[in-house]
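Heavy-atom basis, side chains included; hydrogens, waters and symmetry copies ignored. This one's a predicted model, so the numbers in the text were calculated from it and none came from an experiment.
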Amino acid sequence: MTAGVREEPRETVRPRTPRRLPLPTLLAVLVGFAAVGYRLALLFADVPPTNSDEATMGLAALHIARGDGFPVWFYGQAYMGTLEAYLAAPLIALAGPSVLVLRLPTLALYALFLLLSWRLTRRLGGDRWYALLVVAVLALGADRVVKNQLIAGGGYPELNPAGAALALLTVGLCVTGPGARLPRWAGWGLIAGVLLWVDPLILPYVLTLGALLVAWRWRELAGRAGVVLAGALLLGAAPMLVDSLRHGRNPVAAVLAAGGTGAAADWADRLYGGLVLGPPLAMGFCSPGRCATWQLWWAVAFPVLLALAAFTAWHTLRRASGGPGSPERVSAGVRLALLGGATGVLAAYALSNAAGRTPIESSRYLSCLAVAVPALLWPLWQAARPLAARRLTGQRHFADVAASERPTERQLGEVAVSEGGGYRRFPEVASIKATGERSGAGASSRVAGVGAVAVLAGVLGTGTAATVEVIRAAPAVHAEADRHRSLVDTLGALGVRHARGGYWTCNRLTYATGENVLCAVVEDDLRPGFDRLPAYRREVAADPDAAWVAQAGSPLAARLDARLGPEPDALDVVTVAGWRIYLPRR
């Protein structure tokens, strides 16, 4: 009767083992930090090169920081919102105007895009290794890619994180209970409204993801959810709507007019620029400012992969069991919506004059294709994973189940949970069953797997080579930025307060000096050019001692050199590091 359970001393209780990040998640974190660190190093090296359009956004941020104005649109036009200026204004108020300060918010937006893309990949049913692959692809930084992500020139840096956020919210709205969805409806509407104000390039994604919500959640949209969504959308688009009402502007007409300016491009040039050059440039497979022939292989692979991914998603959507809110159907539906958005972005660009006239520079209009990467690479991962599963640490259980003669759905569900896929049932169950049933024959699946691995290796290899080219070009870009800083210092030493120069000179100069030097735009023949801030021209015109600034060897410099001489009304020239400053003779 005296026997009992002996109480263990407190000090003998085993402490809990701290949870460790799974290996693929840890690698994804390291790759993400490396990607952000690489871009931060580029910013300190003055890469990518800045220009007067970015400086125009900087001037807007400077005015906001000083309380001199609160612009709704990019100066000189009635479209493209100034969200980047509002994000940078507090930093400029603290540290003063500089390109680095202007770009720190865009770097933060890129980091947010990486995080959201990783999370989106997991919510769409991808395992941790596939999420690592997506992060690795998005970490690469070729010329056009880092320009889209880091230059605060209006629109591009914020589009991709906003698109990924919309897709994540769409997943949440499709799988959660009605009581938990109102905040998500508000978030979806707010982001969509802000995007309409900032830049309409991502509109295809808004439409396809919105269509999916209407198809699956139309009953909710007919009630409180619809009211919340509409109210949040109006709030996000409020800057655009208020400005349009106050000034009678039509931003839609402004966007259409801007897209149709200039001579019409030939259809062959449009299709070549849009479908051949566009995808490799936008996805980061090309060298700075050009695309070598060997880098154009993605132009063939991209549409094939787009069609294959869409077919896979549609097939899964048709065959998946359960209602619209089942994880498998949600994954397939959102992937199909993302692929539809990417197709819309590509089609709109290929039909535009910009694709034919300026395909290298205008490929920035395809920056939103990166939003669809988690859906685009999914068929390649599905084909390659059985090969990789036998070699990756922690994949032995998956390989055993996939290789069994008839794996049960319960076994596959256990694999999905062990992988932390976010769903209780592994997506693409039917395709994995079919793979297991064909494992006896096996030859075709192995060939498909080898082909998928080759394409994925090509994606990473080509993107890495293009990234290395950016690093190689960095010293030349940094040297040009140093020359511009020498120009700014020399103008300050000469006491110049007003100047005239080319379009790509003026606002860059004005922002770099914090408006201590105001510049009016002139053409190469010295006629007045396009001033995004007309007030600058009026102040320059009132100064008889206004200088002229031109790059050495430019047509404008050649025209001004003709005005040098011994005459009393001639110009004197000061040369500094690739620039020529022309001063009226006093």
A.B. asks: List the residues meeting ring-ring contact (aromatic ring centres under 6.0 Å, His included) with Trp267, not counting sequence neighbours, and say none if there are none.
C.D. replies: none
A.B. asks: Can you find a pair of side-chain heavy atoms, one from Leu116 and one from Leu168, that are under 4.5 Å apart?
C.D. replies: yes
A.B. asks: Can you tell me if Asn353 and Arg270 form a side-chain donor-acceptor pair at under 3.5 Å?
C.D. replies: yes
A.B. asks: Between Leu491 and Val549, which heavy-atom pair has the shortest distance, and what is it?
C.D. replies: CD2-CG2, 4.4 Å
A.B. asks: Between Tyr582 and Ala550, what is the shortest heavy-atom contact and its length?
C.D. replies: CE1-CB, 4.4 Å
A.B. asks: side-chain contact (heavy atoms from CB on, under 4.5 Å) between Tyr79 and Phe74: does it pass, once the steps are laid out?
C.D. replies: CA-CA 7 Å; Tyr79 63 95; Phe74 196 78; over 6 Å; no
A.B. asks: Main chain of Val345, side chain of Tyr205: is a donor-acceptor contact present, judged purely on distance under 3.5 Å?
C.D. replies: no
A.B. asks: Side chains of Pro97 and Thr513, heavy atoms from C-beta outward: is any pair under 4.5 Å?
C.D. replies: no
A.B. asks: Would you call Glu480 and Arg483 a salt bridge, using N to O less than 4.0 angstrom?
C.D. replies: no
A.B. asks: How close do Ala139 and Val31 get, counting heavy atoms only, and between which atoms?
C.D. replies: CB-CG1, 3.8 Å
A.B. asks: Cationic tip of Arg39 within the cone over Tyr110's six-membered ring, i.e. under 6.0 Å and within 45° of the normal?
C.D. replies: yes
A.B. asks: Closer than 4.0 angstrom, basic N to acidic O: yes or no for Asp545 and Arg585?
C.D. replies: no
A.B. asks: Taking all non-hydrogen atoms of both residues into account, name the closest pair between Arg144 and Leu281 and its distance.
C.D. replies: CB-O, 3.4 Å
A.B. asks: To the nearest 0.5 angstrom, please state how far the CH2 atom of Trp579 sits from the OG atom of Ser554.
C.D. replies: 8.0 Å
A.B. asks: Give a yes or no answer on whether the side chain of Thr467 reaches the backbone of Gly141 with a donor-acceptor pair at less than 3.5 Å.
C.D. replies: yes
A.B. asks: To the nearest 0.5 Å, tell me how far Leu166 CG sits from Ile202 CD1.
C.D. replies: 6.5 Å
A.B. asks: Please answer whether the main-chain N or O of Ala192 pairs with a side-chain N or O of Trp197 as donor and acceptor at a distance below 3.5 Å.
C.D. replies: no
A.B. asks: Within a strict 4.5 Å, meaning less than it, do heavy atoms of the Val47 and Val470 side chains meet?
C.D. replies: yes
A.B. asks: Is it the case that Thr82 and Trp73 place a side-chain donor and acceptor less than 3.5 Å from each other?
C.D. replies: no
A.B. asks: Can you tell which of Arg532, Gln77, Arg508 makes a side-chain contact (heavy atoms from CB on, under 4.5 Å) with Thr56?
C.D. replies: Arg532
A.B. asks: Can you list the steps and then say if Arg485 with Asp46 is a salt bridge (charged side-chain N to carboxylate O under 4.0 Å, His left out)?
C.D. replies: CA-CA 11 Å; Arg485 283 187 280 267; Asp46 300 301; 2.9 Å; yes
A.B. asks: Taking NZ, NE, NH1 and NH2 as the nitrogens, is one of them in Lys147 or Asp143 under 4.0 Å from a carboxylate oxygen of the other?
C.D. replies: yes
A.B. asks: Side chains of Asp68 and His63: donor-acceptor distance under 3.5 Å anywhere?
C.D. replies: no
A.B. asks: Main chain of Arg103, side chain of Thr106: is a donor-acceptor contact present, judged purely on distance under 3.5 Å?
C.D. replies: yes
A.B. asks: If I take atom CG from residue Leu518 and atom CZ from residue Arg538, how far apart are they, to the nearest 0.5 angstrom?
C.D. replies: 11.5 Å
A.B. asks: Parallel, tilted or perpendicular: which fits the ring planes of Trp297 and Phe285, with parallel below 30° and perpendicular above 60°?
C.D. replies: parallel
A.B. asks: Please confirm whether the backbone N or O of Gly155 pairs with a side-chain atom of Glu84, one donor and one acceptor, at under 3.5 Å?
C.D. replies: yes
A.B. asks: Do any pairs count as a side-chain hydrogen bond (donor to acceptor under 3.5 Å, both in side chains) and have a residue in residues 279-293, sequence neighbours left out, and if so which ones?
C.D. replies: Ser287-Gln295
A.B. asks: Over all heavy atoms of both residues, which pair between Ala350 and Leu275 is shortest? Give the atoms and the distance, please.
C.D. replies: CB-CD2, 4.0 Å
A.B. asks: Heavy-atom distance under 4.5 Å between the side chains of Asp199 and Leu195, does that happen here?
C.D. replies: no
A.B. asks: Whether the side chain of Ser367 engages the backbone of Arg364 through a donor-acceptor N/O pair (distance < 3.5 Å, no angle test) should be reported.
C.D. replies: yes
A.B. asks: Take a 6.0 Å sphere around CZ of Phe44 and say whether it holds more than 12 heavy atoms from other residues, nucleotides or ligands.
C.D. replies: no
A.B. asks: With a 3.5 Å distance limit and no angle check, can you tell me whether Ser98 reaches the backbone of Val101 through a side-chain donor-acceptor pair?
C.D. replies: yes
A.B. asks: Kindly compute the distance separating CD (Glu539) from CG (Leu533), expressed to the nearest 0.5 Å.
C.D. replies: 11.0 Å
A.B. asks: Test Leu233 against Leu190 for side-chain contact (heavy atoms from CB on, under 4.5 Å), laying out the working first.
C.D. replies: CA-CA 5 Å; Leu233 191 147; Leu190 183 64; over 6 Å; no
A.B. asks: Could you check if a side-chain atom of Leu583 sits within less than 4.5 angstrom of a side-chain atom of Val496, using non-hydrogen atoms only?
C.D. replies: yes
A.B. asks: Can you tell me if Asn51 and Tyr503 form a side-chain donor-acceptor pair at under 3.5 Å?
C.D. replies: no
A.B. asks: Atom CG in Asn148, atom CG in Asn160: separation rounded to 0.5 Å?
C.D. replies: 8.0 Å
A.B. asks: Has the side chain of Arg537 got a donor or acceptor atom that lies under 3.5 Å from a matching backbone atom of Val521?
C.D. replies: yes
A.B. asks: Please evaluate residues Ile64 and Tyr86 with respect to the criterion side-chain contact (heavy atoms from CB on, under 4.5 Å), reporting the C-alpha separation (whole Å), side-chain torsions for both, the decisive distance (0.1 Å), and the verdict.
C.D. replies: CA-CA 7 Å; Ile64 295 167; Tyr86 285 92; 3.6 Å; yes
A.B. asks: Would you call Val574 and Arg580 a side-chain contact if the rule is heavy atoms closer than 4.5 Å?
C.D. replies: no
A.B. asks: Can you check whether Gly501's main-chain N or O pairs, donor with acceptor, with Thr505's side chain at less than 3.5 Å?
C.D. replies: no
A.B. asks: Between Tyr38 and Ile471, what is the shortest heavy-atom contact and its length?
C.D. replies: CE1-CG1, 3.8 Å
A.B. asks: To the nearest 0.5 angstrom, please state how far the SG atom of Cys286 sits from the CG atom of Leu296.
C.D. replies: 6.0 Å
A.B. asks: Any salt bridge between Asp243 and Arg246, counting N to O under 4.0 Å?
C.D. replies: no
A.B. asks: Pairing donors with acceptors under 3.5 angstrom, does anything connect the side chains of Tyr511 and Glu54?
C.D. replies: no
A.B. asks: I'd like to check Tyr75 versus Asn507 (side-chain heavy atoms, cut-off strictly below 4.5 Å). Are they in contact?
C.D. replies: no
A.B. asks: For Leu305 and Leu376, what are the C-alpha separation, side-chain angles and deciding distance, and is it a side-chain contact (heavy atoms from CB on, under 4.5 Å)?
C.D. replies: CA-CA 7 Å; Leu305 189 55; Leu376 186 67; 4.0 Å; yes
A.B. asks: Less than 4.5 Å apart, side chain to side chain, heavy atoms only: is that true for Leu159 and Val371?
C.D. replies: no
